[in-house]
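A short write-up of the structure that comes next.
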Protein chains: 2
Amino acid sequence: METDRAEDGLEQTLRRDLAAGRLATTGRLPSERRMVEIYSTTRITLREALLHMEIDGLIFRENRRGWYATGPRMVYNPLQRSNFHVMAADQGRRAETELIEALSAPAPATVCRLMECPDGTEFWRVRRRRRIDGRLVLFVEHYLSKAVFPDILEFDLNRSLTGIYLEHYGIDYGSAYFEITPIALRGLPAAELRCADGAYGLKITRINHDQRGRIIDCDLEYWRHDAISVRIEATD
Amino acid sequence: METDRAEDGLEQTLRRDLAAGRLATTGRLPSERRMVEIYSTTRITLREALLHMEIDGLIFRENRRGWYATGPRMVYNPLQRSNFHVMAADQGRRAETELIEALSAPAPATVCRLMECPDGTEFWRVRRRRRIDGRLVLFVEHYLSKAVFPDILEFDLNRSLTGIYLEHYGIDYGSAYFEITPIALRGLPAAELRCADGAYGLKITRINHDQRGRIIDCDLEYWRHDAISVRIEATD
DNA sequence: CAGGTCGTCTGGTCTAGACCAAGGAGGCAA
DNA sequence: TTGCCTCCTTGGTCTAGACCAGACGACCTG
């Protein structure tokens, strides 16, 4: 694994070794201390190089668990009707959804404003996280209208919400409002995605309307920054 | 400026001091070495804290020039007809555009694929950078169809391209295709934006069609990650 | 067999320096 | 006035350690 070349720094060496498959065999990199030995460097220097590669989306870490090689980005088209699992399957990826909790709770003020309702209004709050090819990439907080979906907790919320909306309520998406912001992941989203507090992420806020223009739900999506590329086809 | 509290770390202290205006008076923070003195810490520790705050979008750096406090994010609606300056003005911000170069050049293969033309096709390549309230936030590379805009180099390219399209060619935007990807800024975009190589950024690729569906140009936009929030209103 | 304890693994934070390279201002010369 | 050169300042990279805290598996106990 010793591919050090005097001309360029540790980071370039690491990149080459990663690209050549010399660094990660199963997707997981050796521990930092092990890499320090391998490359005869210090942890500070090594971590700085790893951090740069993380920004580039080459590698990522799970909080206090280790470093891993990143797979290709998922192409995410938020305007597309089809659900997460179908979208992943179309790209030859395996998607998994895991329900964290589903209960009635007041929406935060920012959400209420977007959903045009009084502060403190109660919604069904559904929290889920999603994997692509086994990797945790997305934490979502859904706020569903209790009026539109009175008994939605009865259904299997590990499934696609879109599917449940359509099958059980005859509701399909109409127009939508999006907001895409690069942020630092903190608190619950960071914990659920198993990333360090303050890791780079992408927040996608989404307000969905049904065919009649009614606001039916709001999603707060927290993505690992290196997991997606957003594509939008806009006709006008 | 000594607001150190034993209970929590340097980073929290810095955040408090920044929020209270104790850290930056004119937008610029003291030099790293000065802050090391002020907070009785080491550069490694200080830089780690600053890097975290940078991810959060609280501060940013200009390569080898220093650290600065960030202004509010600009809301960017890529579907909106209006140009950059109007958009900024609507939000009470001052926008500036600076032409870097404008010449004929073959488009890179990735762009040719998106523009549905053979590899190596020549376009007008216009490079510009833009400031909001004086801060460099965007580097754009435009590839304009030479067939559609035969003599566009005659015009003042510090102005809005949209304006020139409309006034001189009677061309207005029709549908568009977007791609939004978090990336690391490197090479020319990084240099022009005066950020360190490998800084976190947002790349927005955009293919524009005119009202008749012709592909008229392609923009490669490189944004500083903390400068914008993308909003999209999608009716269907 | 379930639940808790504990050691050991991991990354996360920190000290205390060093040298390198680009930015920028000021002075000097053509 | 213009352009170059030098010097100081700035962030960028690096060495060599230390201790902290969460993750996790093994083991022990009830």
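Keep in mind that this is a model prediction, so the values were computed, not measured. Proteins come first, then strands; the chains are lettered A, B, ... in the order of their sequence lines, and each starts at number 1.
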Strictly below 4.0 Å, N to O, side chains only: are [X] and [Y] in salt-bridge contact?
X	Y	value
A:Arg206	A:Glu179	no
B:Arg130	B:Glu96	no
B:Glu221	B:Lys203	no
A:Asp56	B:Arg186	yes
B:Arg15	B:Glu11	yes

Figure out the CD/P separation between B:Glu11 and C:dG12, and round it to whole Å.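 From B:Glu11 CD to C:dG12 P: 13 Å.
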ask   = Separation of A:Leu46 atom CG from C:dG12 atom P, in whole Å?
value =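 Value for this atom pair: 12 Å.
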Once ring pair (Phe, Tyr, Trp, His ring centres under 6.0 Å) is applied, do any residues pair with [X], and if so which ones, sequence neighbours excluded?
X	value
A:Phe60	A:Tyr68
B:Tyr200	A:Tyr200, A:His225, B:His225
A:Phe178	none

Closest approach of A:Thr181 to B:Ser229 (non-hydrogen atoms, all atoms of both residues):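 Residues A:Thr181 and B:Ser229, closest heavy atoms: OG1-OG, 2.8 Å.
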Taking Watson-Crick and G-U wobble contacts under 3.5 angstrom, with | marking pairs to another strand and [ ] crossing pairs, the secondary structure of DNA chain D is written ||||||||||||||||||||||||||||||
Where does the chain B footprint on DNA chain D start and end, counting 5' to 3' with a 4.0 Å heavy-atom cut-off?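 So the outermost contacting nucleotides come out as D:dT10 to D:dC14.
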How would you list, by chain and number, every residue that makes a side-chain contact (heavy atoms from CB on, under 4.5 Å) with [X], sequence neighbours excluded?
X	value
A:Ala107	A:Val111, A:Cys112, A:Phe123, A:Tyr143
B:Ile100	B:Arg127, B:Arg129, B:Phe139, B:Glu192
A:Val36	A:Arg43, A:Leu46

- Task: Identify whether any heavy atom of A:Arg61 sits under 4.0 Å from a base atom; if not, whether one sits that close to sugar-phosphate; answer base, sugar-phosphate or nothing.
- Result: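 Here A:Arg61 touches the backbone only, sparing every base.
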Review point. So which pairs with a foot in residues 82-93 of chain B pass salt bridge (charged side-chain N to carboxylate O under 4.0 Å, His left out), sequence neighbours left out?
Key: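 The answer is B:Arg93-B:Asp133.
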Are there any protein N/O atoms within less than 3.5 Å of an N/O atom in nucleotides 7-10 of chain C, and if so, which ones and at what distance?
{"unit_1": "C:dT10", "atom_1": "OP1", "unit_2": "A:Ser31", "atom_2": "OG", "d": "3.3"}

* Residues from residues 183-195 of chain A sitting under 4.0 Å of DNA chain D, heavy atoms only? ->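 Result for residues 183-195 of chain A: none.
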- Task: Check DNA chain D against residues 48-56 of chain A and give the residues with a non-hydrogen atom under 4.0 Å, in numerical order.
- Result: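 DNA chain D contact set from residues 48-56 of chain A: A:Glu48, A:His52.
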Could you grab the distance from atom OG1 of B:Thr97 to atom CG of B:Leu157, nearest 0.5 Å is fine?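 Between atom OG1 of B:Thr97 and atom CG of B:Leu157 there are 11.0 Å.
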Is it true that A:Glu62 and A:Trp67 share a donor-acceptor pair across their side chains at a distance under 3.5 Å?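 Not at all, the side chains of A:Trp67 and A:Glu62 share no donor-acceptor pair under 3.5 Å.
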* Asked: Toward the 5' end of DNA chain D, which comes first, A:Glu62 or A:Thr45, by nearest nucleotide?
  ->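 Closer to the 5' end of DNA chain D: A:Thr45.
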